[in-house]
Amino acid sequence: MADLVSDTPLPLLQTIAVVGLGTMGTGIVEVLARAGREVIGIDISEAQAAKAVAVLEFSTARAVERGRITEPECADILARFHTHTDLRAAADADLVIEALPESYDTKHQAFRELDTVVRPETVLATGTNALSVTRLAAMSARPERVLGLRFFNPAPAMKLVEIVSSVLTAPQAVTAVTDLAVELGKKPVAVGDRPGFVAGGLLFGYLNQAAAMYEAKYASREDIDAAMKLGCGLPMGPLALLDLIGVDTARAVLEAMYAESHDRLHAPAPVLKHLSEAGLTGRKAGRGFYSYEAPGSATVVPDILTPLADGPGGTGRTIRSVGVAGSGTMAAGVAEVFATAGYQVVLAARTESKAQAAKARVGTSLARSVDRGRMTAQAAAGTLELIVPAGSYDDFADVDLVLEAVAEDLDVKQQLFGVFDKICKPGAVLATTTSSLPVIACARVTSRPQDVVGLHFFNPAPVMKLVEVIRTVLTADDVHTTVRELCGKIGKHPVDCGDRAGFIVNALLFPYLNNAIKMVQEHYASVDDIDTAMKLGGGYPMGPFELLDVVGLDVSLAIERGLHREFRDPGLAPAPLLENLVAAGCLGRKTGRGFREYAHR
């Protein structure tokens with residue numbers, strides 16, 4: 001103990017034992033062996049130990065084939081890895097990393113046995129996703145040498161490593177493990193001991209909400225996953241990711257998080273329990289939220305829940321011309337989408353000059369597409385000719401579909417729908433592009449609520465493939481069929497959702513963003529570390545604070561308030577830090593300051 005509480009740094013962590021040779025443990029072994037460390041692999045199952053060797057042999061052989069390492073280097077890597085079935089093999093290790101199942105009992109037993117085996121200065125690291133490192137350290141005879149070292153799956157590819165300190169951890173142990181992580185080519189993020197740490201704390205709450213959304217039959221599993229992939233640029237949808245992680249593993253992590261946080265958002269959705277107890281634990285079982293070709297396969301196969309290829313069926317209405325109300329970025333983008341697909345578009349604003357400016361914005365966007373080789377100059381000119389600017393909504397009299405893309409203000413939108421009701425011909429579809437307001441509130445100011453539907457495009461509309469199709473309790477079947485078919489014709493992917501706050505994407509995205517703000521507010525982690533954790537550990541294209549500053553903190557606050565008002569869940573109340581920044585006029589990139597400062601343009 002004296003060595004760890006003194007100022008003397010620990011020696012190089014050269015010999016490292018990995019306890020538990022499942023998927024994660026085997027991945028950690030590969031990272032360490034490739035980095036020149038002597039690796040002792042320990043698993044009570046001889047078959048599992050042999051499998052770990054085979055995995056490393058296959059991986060290094062493939063690296064040789066691809067020219068990444070030489071044959072001698074491959075031989076050296078394999079020679080540095082030795083397997084055992086007894087924890088006593090860890091006696092000479094400088095560092096022990098346990099990668100055992102998420103169970104306090106299992107991990108406690110391993111730590112108690114290691115106390116009797118390893119040297120006093122040996123660092124003990126737990127790879128837990130969510131269990132309390134402090135609680136595990138307390139069971140050790142030398143808690144000052146215990147910390148968390150969380151790799152992400154697959155360990156050889158994922159750059160993030162969370163290094164978790166308890167109140168008992170010696171600084172020298174943290175420094176030694178941090179230096180090791182850097183030498184391994186990883187990006188270490190230092191965090192304190194709280195449920196889920198950074199990445200897990202944000203990720204599992206989001207996954208849990210997606211499971212609850214599916215369980216409530218609000219949206220299909222395919223639509224939930226497509227919405228988050230196409231709307232947020234995520235590599236996997238949340239339900240597919242739960243199947244990859246393991247439904248039982250996710251449930252265990254959430255149980256541990258809830259036990260520590262008592263946050264309702266961490267209380268596992270009942271469907272996770274039902275699937276786990278039925279043995280439908282995801283890819284490893286061949287079935288979870290989806291069905292797979294075989295246990296362990298990543299290939300999804302159709303099952304009884306797979307939607308029909310021809311959609312909802314029925315006959316839709318004929319759409320030849322489209323009216324777009326608005327002059328901002330979204331209005332111009334939606335007009336471009338329809339014109340590019342060959343539809344005649346009336347782009348109307350409050351004044352002729354605003355409408356002309358919106359059309360000019362479309363022209364600029366089309367010119368960029370020409371410059372990038374995405375379309376010819378002739379095609380761009382033809383597309384632009386299909387857009388007719390108008391300074392009056394009276395020009396919508398003959399269109400088959402009209403969409404409003406004005407400010408996200410319910411009063412403004414309701415006034416506009418009142419105008420549509422008077423001007424548009426019978427049978428015209430009336431649509432709102434709202435991202436958060438109730439569609440039914442727009443429908444009820446008309447004399448034809450059956451014709452009203454939500455079409456939530458994502459910004460920038462010409463690029464983003466997702467459209468959330470929001471059907472109210474009064475939307476007619478043929479209107480629903482019409483807009484779904486139309487989405488296909490304009491090259492978009494429609495997902496169905498009901499008329500409630502946030503729809504699919506915002507209902508899952510903004511609680512995650514709000515929880516990230518709470519982490520900073522509570523001084524748990526920095527803005528930079530959280531962004532890094534979610535980009536490197538979760539595969540997110542942007543960190544939560546990068547995204548918040550792009551969206552606008554005022555817009556984000558309005559959505560958070562809408563979700564809280566709709567669901568009345570205390571966990572959805574906007575973080576006070578967000579409220580304070582908005583009150584101070586720090587709205588993100590558009591004002592030059594949000595969670596970060598930006599150069600004035």
I'd like to know if [X] and [Y] make a salt bridge, using a cut-off of under 4.0 Å between side-chain N and carboxylate O.
{"X": "Glu183", "Y": "Arg37", "result": "yes"}
{"X": "Arg34", "Y": "Asp76", "result": "no"}
{"X": "Glu522", "Y": "Lys518", "result": "no"}

Output yes when a side-chain donor or acceptor of [X] lies under 3.5 Å from a complementary backbone atom of [Y], and no otherwise.
{"X": "Glu57", "Y": "Leu78", "value": "no"}
{"X": "Tyr290", "Y": "Leu239", "value": "no"}
{"X": "Asp243", "Y": "Thr281", "value": "no"}
{"X": "Arg150", "Y": "Thr128", "value": "no"}
{"X": "Glu162", "Y": "Val198", "value": "yes"}
{"X": "Lys284", "Y": "Gly246", "value": "no"}
{"X": "Ser59", "Y": "Val55", "value": "no"}
{"X": "Asn514", "Y": "Ala573", "value": "yes"}

Report yes if some heavy atom in the side chain of Asp193 is under 4.5 Å from a heavy atom in the side chain of Thr169; otherwise report no.
-> no

Hey, does Asn153 have a side-chain heavy atom less than 4.5 Å from the side chain of Thr23?
-> yes

Without hydrogens or angle criteria, can the side chains of Tyr598 and Asp549 be said to hold a donor-acceptor pair below 3.5 Å?
-> yes

Derivation and outcome, side-chain contact (heavy atoms from CB on, under 4.5 Å), residues Tyr512 and Gln209 = CA-CA 10 Å; Tyr512 148 78; Gln209 286 181 288; 5.9 Å; no

Above 12 or not: heavy atoms from other molecules or residues under 6.0 Å from CZ of Arg287?
-> no

Exceeds 12 heavy-atom contacts within 6.0 angstrom, atom CG of Leu305 | yes

Verify side-chain contact (heavy atoms from CB on, under 4.5 Å) between Val96 and Val123, making sure each step is shown before the conclusion.
-> CA-CA 6 Å; Val96 179; Val123 178; over 6 Å; no

Apply side chain to side chain donor-acceptor pair (under 3.5 Å) to Thr532 and Asp529, showing your working.
-> CA-CA 5 Å; Thr532 297; Asp529 279 350; 5.2 Å; no

Does NZ or CZ of Arg596 lie under 6.0 Å from the centre of the six-membered ring of Phe545, at an angle within 45° of the ring axis?
-> no

